[in-house]
Asks: 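One structure coming up, written as C-alpha cells, with questions to follow.
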Amino acid sequence: MNDTSNNPRPSNFIRQIIDADLASGKNGSRVATRFPPEPNGYLHIGHAKSIVLNFGIAQDYHGTCNLRFDDTNPAKEDIEYVESIKQDVQWLGFKWTHLYYASDYFDKLYDFALQLIKLGKAYVCDLSFEQMREYRGTLTQPGKDSPYRNRSVAENLGLFDRMRKGEFPDGSRVLRAKIDMASPNINLRDPTIYRIKKDAEHHQTGSKWCIYPMYDYAHCLSDMLEGITHSLCTLEFEDHRPLYDWVLDVLKAPCHPQQIEFSRLNLEYTVMSKRKLTELVQKKLVDGWNDPRMPTIAGLRRRGFTPESIRDFCLRIGVTKADNIVEMSLLEDCIRNDLNERAIRRMAVLHPLKVLITNYPYDKVERLTAANHPQKAEFGNREIAFCAEIFIDRNDFMESPPKGFKRLIPGGEVRLRYGYVIRCDEVIKDAGGTVQELHCSYDAATLGTNPVGRKVAGVIHWVSARHAIRAKLRLYDRLFIVPNPDVQGSRENKDYTAYLNPDSLHINSVAVLEPALANAKPQDRFQFEREGYFCLDEQSPDGAPLVFNRTVTLRDTWAKSDK
RNA sequence: UGGGGUGUCGCCAAGCGGUAAGGCACUGGAUUUUGAUUCCAGCAUACCUAGGUUCGAAUCCUAGCACCCCAGCCA
C-alpha cells in the first residue's frame with residue numbers, strides 16, 4: 001500500500017530540539033509526549049497535525065505518548081466527545097501508551113493548591129468578575145493588587161476548604177496564583193487557578209467536585225505527573241509558558257516538561273476553530289459533526305478519506321511557527337495519491353443518455369472483461385454486461401463540440417471503455433430540441449484492439465441500460481466560497497457563515513451504476529472511472545438504495561482548459 | 001503606547017556564514033482503451049526593507065516595516 005507512515009518522517013524544529021536533548025542526556029534520554037484534547041467537540045484535521053506530531057515522535061524516538069483528556073471544564077464537555085476522540089485517534093492509526101484524564105489528578109491538584117497557599121503563592125479572591133477585569137489593567141497599563149491579595153495563609157486555607165465544600169455560589173470566589181499584577185504579560189497578573197462550578201455534573205467525576213482547576217494550572221501539573229518530557233502545543237499558548245514554568249518551579253516539581261509551541265493548521269475554504277465547527281453543527285448549517293463537508297476526522301472518514309492520506313498530509317505540511325494557510329489541493333493530492341493505488345475501478349454514469357446500438361442483435365447480451373485496476377493485474381477483473389441499450393454520460397456527447405473535444409459527436413466515433421468503438425449515426429430529440437437518445441452503430445472488430453486505418457482518440461465510460469443499478473450520489477464541494485472565511489469575515493465585518501457555499505452538496509439521484517457495485521459495503525472506496533473517487537456511505541442501511549459520497553474528483557485537465 | 005511571536009516561489013517548507021532542497025500548484029512535452037495514472041522538462045541571481053560586519057550573509061549586527069496572538073472564573 002501507499003502508507004507513508006512507514007517512511008521516515010521529515011524533521012522539524014521540534015525534532016531538532018529533541019535530538020539536542022537526547023544528545024545532551026537531558027531527561028535521561030527519555031522522550032514522552034501527550035495529546036491533550038478537551039472533550040468539548042470532535043477532532044478536526046488540525047488535531048490530526050498534533051496527533052501525528054506527538055504520536056509520531058513517540059514512535060520514532062521509542063518513547064511514549066499518552067492520550068489525556070483535558071477535562072477541567074465540565075460545563076462544556078460531554079462523554080460523546082470523549083468517545084469520538086478515542087475512536088478518531090485509533091482510526092488514524094495510533095495507540096496511546098496510557099489513557100488519562102486531567103480529572104484523574106483532581107485530588108493531587110487540590111493538594112498542590114494547598115501547598116501553593118501555604119507557600120504564600122496563592123490566595124482566595126472575592127472580587128467579582130467585573131472587578132477582576134478592572135483590577136487586571138490593560139495591555140498597556142499595569143493591573144493593581146486585589147484587596148484580598150494579602151490574606152493570611154490560615155484564612156486562605158479556610159476559605160479554599162469552604163469553596164471545595166460548596167459553601168459559596170459560582171462566581172463569588174476564586175483561587176488565584178500570587179505572581180505580579182504589574183507584569184507586562186497579562187497571564188501573570190495573578191491568574192485564576194480554581195473556580196467554583198457547583199451545578200456542573202462532570203462526565204468523569206460526577207458531583208464529587210464543585211471547584212475545578214483552570215487549564216494553566218492543571219496542564220503543567222498533569223504533564224509533570226505523567227513525566228512528559230516535551231509538551232507540544234499551539235502558538236497561542238506561548239504567552240502562557242512563563243505561567244507553566246512558574247507553577248512547576250514554585251512547587252519544586254521533580255520533573256519539568258519543556259513546552260514547545262508550533263503554529264496551528266489552517267486550511268483553505270474551511271474553518272478550523274472548534275467554536276465555529278460547533279456552531280455549524282448546532283445551527284444545523286451542516287448535517288452533524290461527521291458531515292462529509294466538515295474538516296473533522298469523522299467528516300473526512302465519512303467522505304472517504306483514508307487514515308493513510310491524512311497522515312501523509314500531516315507529514316507533508318510540516319511543523320513550524322509560521323502562520324500558514326494550506327491549499328486544499330495538497331489535501332486532495334494526498335487522497336488521490338492513496339486512492340489511485342488502492343481503489344477498485346468501476347463505471348458509473350452520472351447523467352445518463354440512452355444509446356441504442358442499432359446494428360447489435362437486440363436480444364443479445366455479451367459479457368465483457370474489465371480490469372479492476374489498469375496498472376495492477378493482481379486486483380483481478382470483473383465482467384460487465386453489454387447489449388444494444390446502454391447509457392453514456394450527457395457530457396460525453398456534443399452536437400457542436402469545442403476544438404479538441406475527444407468524445408462523441410454526430411457522425412464521430414468513440415471507444416466504449418473495455419468495449420467496442422461506436423459511431424453516432426442519429427441524434428433523437430424531443431419537441432424542445434433536447435437530445436433524448438442516440439442511435440449508434442458498433443464496429444465488431446474493435447473489441448480489445450484498435451481499428452485499422454483510423455484513430456479513435458476518445459474513450460468514454462458507460463453501463464448497460466438493462467443491467468444498471470441505481471444509486472444516490474452525494475457530490476461535495478468546498479464548504480465556503482472564499483479561501484479564508486475568518487479573515488475575510490473580519491475584514492468585511494461579516495459573520496463567517498455569510499461565506500458558506502450554497503452548492504457544497506449536490507445530490508444526484510439519476511446516476512446508473514454497473515451491477516458489481518450492488519454488493520459494496522459501507523466505507524468501501526471505488527474510483528468511478530473518469531469521474532472521481534467515491535465511497536459507500538457508512539450509514540447506508542442494508543437493502544436501502546445505495547448512497548455513495550464523492551471523496552474527490554479525478555484531476556481534469558480538459559475541464560480546466562479554456563477549450 | 002505593553003508583552004509574546006512570525007516574515008524564503010501562488011501555497012506549504014528545507015536552509016543553522018561557503019554561494020537558494022523538496023512537495024503542492026502551474027506550464028510545456030511523451031506514453032495511455034480513464035482528457036486519470038506514469039514519465040520527462042521548465043518554474044526564486046533571490047530570501048520583508050534599509051544599512052552594516054565579512055573574502056563570502058537567507059543565515060551575524062543595527063534600524064525599520066508588515067502580519068499573528070494576549071486584557072475568560074475557556075482551552
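In what follows, every chain begins at residue 1, and chains take the letters A, B, ... in the order their sequences are listed.
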Asks: Can you give me the N/O atom pairs linking the protein to nucleotides 25-28 of chain B at distances under 3.5 Å, or say none if there are none?
Replies:
residue	atom	partner	partner atom	Å
B:rA25	OP1	A:Arg555	NH2	2.6
B:rC26	OP1	A:Lys560	NZ	2.6

Asks: Enumerate the protein-to-nucleotides 7-9 of chain B contacts in which both atoms are nitrogen or oxygen and the separation is below 3.5 Å.
Replies:
none

Asks: With a 3.5 Å cut-off and heavy atoms only, can you find an N or O donor on one side and an acceptor on the other between the side chain of A:Asn185 and the base of B:rG4?
Replies: no
Asks: Under the ring-ring contact (aromatic ring centres under 6.0 Å, His included) test, which residues partner A:Tyr194, sequence neighbours left out?
Replies: A:Phe160, A:Tyr217
Asks: Expressed as a whole number of Å, how far does the P atom of B:rU59 sit from that of B:rG52?
Replies: 14 Å
Asks: Examine B:rG72: is either OP1 or OP2 under 4.0 Å from a nitrogen or oxygen in the side chain of A:Arg195? Give yes or no.
Replies: no
Asks: Determine whether any donor atom in the side chain of A:Glu531 lies under 3.5 Å from an acceptor atom in the base of B:rU34, or the reverse, and answer yes or no.
Replies: no
Asks: Once hydrogens and angles are ignored, does a donor-acceptor distance under 3.5 Å link the base of B:rC16 to the side chain of A:Gln16?
Replies: yes
Asks: Going by a 90° cut-off around 0, is B:rG72 syn or anti?
Replies: syn
Asks: Categorize A:Phe237 for me: base, sugar-phosphate, or nothing, with a 4.0 angstrom heavy-atom threshold over every strand shown.
Replies: base
Asks: Do A:Leu116 and A:Ile193 make a side-chain contact, defined as non-hydrogen atoms from C-beta onward lying under 4.5 Å apart?
Replies: yes
Asks: Tell me whether the rings of A:Tyr101 and A:Phe69 are parallel (<30°), tilted (30 to 60°) or perpendicular (>60°).
Replies: parallel
Asks: Considering only atom C1', compute the distance from B:rA13 to B:rA63 and round it to an integer number of Å.
Replies: 29 Å
Asks: Roughly how many Å is it from CG in A:Leu188 to P in B:rA71, rounded to a whole number?
Replies: 14 Å
Asks: What orientation do A:Phe526 and A:Phe548 show, parallel under 30°, tilted 30 to 60°, or perpendicular over 60°?
Replies: perpendicular
Asks: Once you round it to whole Å, what is the distance between P of B:rC67 and CD1 of A:Ile325?
Replies: 17 Å
Asks: With sequence neighbours left out, what residues match A:Ala445 under side chain to side chain contact (heavy atoms under 4.5 Å, CB included)?
Replies: A:Asp443
Asks: Output all residues satisfying ring-ring contact (aromatic ring centres under 6.0 Å, His included) with A:His44, sequence neighbours left out; order by chain, then residue number.
Replies: A:His47
Asks: Identify, residue by residue, the members of residues 453-464 of chain A with a heavy atom below 4.0 Å from RNA chain B, and return them in order of residue number, or none.
Replies: A:Val459
Asks: Ignoring hydrogens and geometry beyond distance, is the side chain of A:Arg241 in donor-acceptor contact with the base of B:rG4 at under 3.5 Å?
Replies: no
Asks: What is the nucleic acid contact for A:Arg176, judged by heavy atoms within less than 4.0 Å: base, sugar-phosphate only, or nothing?
Replies: nothing
Asks: Please confirm whether any donor atom in the side chain of A:Arg415 sits under 3.5 Å from an acceptor in the base of B:rU33, or the reverse.
Replies: yes
Asks: OP1 or OP2 of B:rA13 versus the side-chain N and O atoms of A:Thr320: is any pair under 4.0 Å?
Replies: yes
Asks: Is there ring stacking between A:Tyr215 and B:rA75, where the centres must be under 5.5 angstrom apart and the planes under 30 degrees?
Replies: no
Asks: With a 4.5 Å heavy-atom cut-off, do A:Val512 and A:Trp462 have their side chains touching?
Replies: no
Asks: Taking B:rG4 as the reference, what is the distance to B:rA71 when you measure between their C1' atoms (whole Å, please)?
Replies: 14 Å
